[in-house]
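Heads up: the structure comes next, in structure tokens.
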Amino acid sequence: MNKIKNIGVLTSGGDSPGMNAAIRAVVRASIYYDIEVTGFIRGYEGLINDDCMPMDRKSVANIIQRGGTILKTARSEAFKTVEGRKTAYDNLKGRNIDALIVIGGDGTFTGANVFATEHDFPIVGMPGTIDNDLAGTDFTIGYDSAINTVIDAVDKIRDTAESHDRLFIVEVMGRDSGLIALRSGIGVGAEAILIPEANMGVEDVLHKLEHSRKDKASKIIIVAEGDDAGGAFKVGEILQSKYPHYDTKVSVLGHIQRGGKPTCMDRVLASRLGVSAVEGLIKGERNAMAGQVNKEMIFTPFDHAIKHINAEKVSSTWIKLIDILSF
């Protein structure tokens with residue numbers, strides 16, 4: 001058992017619903033094991049600027065239901081440099097911090113992996129990203145909340161689409177990952193779903209529209225912002241030129257997917273992972289991400305967790321399901 005007396009915690013990269021629940025779990029678990037906690041403000045920028053604060057039960061009171069992150073978040077160009085990471089390391093040692101917990105996604109873990117290797121410093125990550133694009137966990141913190149936000153928004157869009165017999169192309173987040181589009185598209189009964197992992201383009205959409213029910217008042221197409229088809233507006237232009245009789249509209253949901261109260265699933269997942277991360281550090285885990293696979297807590301090395309596995313998560317079974325349900 002490692003003698004860890006002070007753990008640093010930060011959130012980095014894009015925010016996701018449930019980050020506050022994750023912070024709360026880290027702080028409460030640390031206190032339970034008689035470990036001090038230091039929160040760093042604005043991610044790796046906080047490490048470099050030595051911008052931090054001690055955290056206790058009061059620090060995390062009444063935050064489990066809040067979106068965003070009380071520790072703020074940012075992307076740090078300085079942390080990408082050897083000099084910046086050295087400054088961060090000196091600040092950690094100067095404050096007698098023995099280990100670090102980072103909450104974020106691909107970019108966060110890439111930085112953590114380099115830093116941990118350079119300075120032999122114990123770091124455990126928690127998967128906080130709405131994209132669900134990390135290996136070593138079935139779900140990431142914020143993913144469930146994001147797809148429920150999309151479903152709520154698209155349900156409202158369908159109301160007006162049916163009132164006017166319109167075709168709506170709805171763009172959701174997912175620059176490199178179509179998992180938000182995939183699951184929310186199935187959940188709202190979309191006529192077509194365009195995602196970067198699958199070999200689907202506007203031609204597939206045209207085919208589905210050609211063979212769809214002619215009496216259906218509204219039609220919804222979900223497009224991941226990173227899809228090869230070119231985004232919702234490009235898809236809208238092509239469909240409008242091909243089917244001028246359709247009243248075609250485009251709606252980009254944007255950053256509303258990052259905000260709002262986390263769902264119960266995300267609150268519970270963040271809580272479990274936070275406790276697991278602290279216990280992992282105590283037991284000697286380092287340079288790894290805490291995740292949940294088949295309801296069990298596991299640790300996956302950063303260099304594997306950051307290898308995108310979207311093609312695996314978007315299996316042929318999912319693609320067939322889309323085809324069947326949109327028939």
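- In this structure, the side chains of Phe40 and Asn91 stay at 4.5 Å or more apart for every pair of heavy atoms.
- Side-chain contact between Ile147 and Asn132 is absent, with no heavy atoms from C-beta onward closer than 4.5 Å.
- Nearest heavy-atom pair across Phe302 and Ala112 is CE1-CB, 3.8 Å.
- In terms of modelled atom types and a separation under 3.5 Å, the side chain of Thr300 and the main chain of Ala305 share no donor-acceptor contact.
- For Asp106 (side chain) and Leu134 (main-chain N/O), no donor-acceptor pair under 3.5 Å exists by modelled atom type.
- Expressed to the nearest 0.5 Å, how far CD of Glu279 lies from CZ of Phe299 amounts to 8.0 Å.
- Ser184 contributes no side-chain N or O that, together with a main-chain N or O of Ile151, makes up a donor-acceptor pair within less than 3.5 Å.
- Taking CG of Leu71 as the start and CD1 of Ile103 as the end, the distance is 7.5 Å to the nearest 0.5 Å.
- Using modelled atom types, one side-chain atom of Gln257 and one backbone atom of Gly254 make a donor-acceptor pair closer than 3.5 Å.
- In the hydrophobic clustering of this structure, Val172 groups with Ile157; members are Ile, Leu, Val, Met, Phe, Trp, Tyr whose side-chain heavy atoms approach within less than 4.5 Å, directly or through other members.
- Side-chain atoms of Asp152 and Thr149 form no donor-acceptor pair, as typed in the model, at a separation below 3.5 Å.
- In this structure, Leu47 and Leu92 have side chains that are in contact, with non-hydrogen atoms separated by less than 4.5 Å.
- In this model, a donor atom of one side chain and an acceptor atom of the other lie less than 3.5 Å apart for Ser76 and Glu45.
- Val268 and Leu273 fall into different hydrophobic clusters, where Ile, Leu, Val, Met, Phe, Trp and Tyr are joined by side-chain heavy atoms under 4.5 Å apart, directly or via other members.
- By the 4.5 Å heavy-atom criterion applied to side chains, Asp131 and Leu179 are not counted as neighbours.
- Within a 6.0 Å radius of CZ in Arg75, other residues, nucleotides and ligands contribute 12 heavy atoms or fewer.
- Under the 4.5 Å side-chain contact rule for hydrophobic residues, Val114 and Tyr44 do not share a cluster.
- Applying side chain to side chain contact (heavy atoms under 4.5 Å, CB included) to Val150 and the options Val170, Ile180, Ile130 leaves one that passes, Ile180.
- Here the shortest heavy-atom pairing between Asp15 and Gly68 reads OD2-CA, 4.0 Å.
- The other members of the hydrophobic cluster of Val293, by chain and number, are Ile298 (side-chain heavy atoms under 4.5 Å, ILVMFWY only).
- Of all the heavy atoms in Ala270 and Met126, the pair that sits closest is O-CE, 3.7 Å.
- Asn148 and Thr263 form no side-chain donor-acceptor contact under 3.5 Å, judged by distance and modelled atom types alone.
- Residues Met19 and Thr73 fail the side-chain proximity criterion, which asks for heavy atoms closer than 4.5 Å.
- The environment of Arg85 atom CZ is dense: over 12 non-hydrogen atoms of other residues, nucleotides or ligands sit within 6.0 angstrom.
- A salt bridge between Asp98 and Lys5 is absent, with no side-chain N of the basic residue lying under 4.0 Å from a carboxylate O of the acidic one.
- Annotation: side chain of His119 is not in contact with side chain of Lys93 (no heavy-atom distance under 4.5 Å).
- Although no hydrogens or angles enter the test, the distance criterion places a donor-acceptor pair under 3.5 Å between the side chain of Arg272 and the main chain of Lys295.
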Stepwise side-chain contact (heavy atoms from CB on, under 4.5 Å) test for Ile220 and Glu191 | CA-CA 6 Å; Ile220 302 291; Glu191 276 61 46; 4.0 Å; yes

Tyr33 and Ile4: CA distance, side-chain angles, deciding distance, side-chain contact (heavy atoms from CB on, under 4.5 Å) verdict = CA-CA 10 Å; Tyr33 287 108; Ile4 293 178; over 6 Å; no

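- Closest heavy-atom contact between Ala290 and Ser276: CB-OG, 4.3 Å.
- Follow the hydrophobic side-chain contacts under 4.5 Å out from Val275 and you never reach Val278; the two are in separate clusters.
- Counting only distance, with no hydrogens or angles, the side chain of Thr81 and the backbone of Glu77 share no donor-acceptor pair below 3.5 Å.
- Residues Ile141 and Leu269 come closest through the heavy atom pair N-CD2, 4.0 Å.
- Heavy atoms of other residues, nucleotides or ligands lying less than 6.0 angstrom from CG of Asp34 number 12 at most.
- Of the residues Leu10, Leu281, Val124, Val9, the one that meets the side chain to side chain contact (heavy atoms under 4.5 Å, CB included) test with Leu100 is Leu10.
- Relative orientation of the Phe115 and Phe121 rings is perpendicular, given thresholds of 30° and 60° on the angle between their planes.
- With a 4.5 Å cut-off on side-chain heavy atoms, Val27 and Arg57 do not count as touching.
- In this structure, OG on Ser59 lies 7.0 Å from CD1 on Ile70, to the nearest 0.5 angstrom.
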Worked check of side-chain contact (heavy atoms from CB on, under 4.5 Å) between Met55 and Val26 = CA-CA 10 Å; Met55 303 192 76; Val26 169; over 6 Å; no

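- If you take OG1 on Thr129 and CE on Met173, they are separated by 10.0 Å, rounding to the nearest 0.5 Å.
- In the hydrophobic cluster analysis, where Ile, Leu, Val, Met, Phe, Trp and Tyr join through side-chain heavy atoms closer than 4.5 angstrom, Ile238 is grouped together with Leu194.
- To the nearest 0.5 angstrom, Ser177 atom OG is 10.0 Å from Glu225 atom CD.
- Under the 3.5 Å distance criterion, the side-chain polar atoms of Ser163 are matched with a main-chain donor or acceptor of Asp159.
- Residues Ser271 and Ile64 form a side-chain contact, since some pair of their non-hydrogen atoms from C-beta on lies under 4.5 Å apart.
- In this structure, a donor-acceptor pair under 3.5 Å is present between the side chains of Thr38 and Asn6.
- Residues passing the salt bridge (charged side-chain N to carboxylate O under 4.0 Å, His left out) test with Asp155: none are found, sequence neighbours excluded.
- Judged by distance alone, with hydrogens and angles left aside, the side-chain atoms of Asp56 form a donor-acceptor pair with the main-chain N or O of Lys58 at under 3.5 Å.
- For the pair Gly128 and Ser16, the tightest heavy-atom approach, listed with the atom from each and the gap, is C-OG, 3.5 Å.
- Put simply, OG on Ser145 and CE on Met265 are 9.0 Å apart, with the number rounded to the nearest 0.5 Å.
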Does the pair Thr160 and Phe168 meet the rule for a side-chain contact (heavy atoms from CB on, under 4.5 Å), with working shown?
-> CA-CA 10 Å; Thr160 188; Phe168 264 90; 4.0 Å; yes

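- No side-chain donor-acceptor contact under 3.5 Å links Thr11 to the backbone of Gly104.
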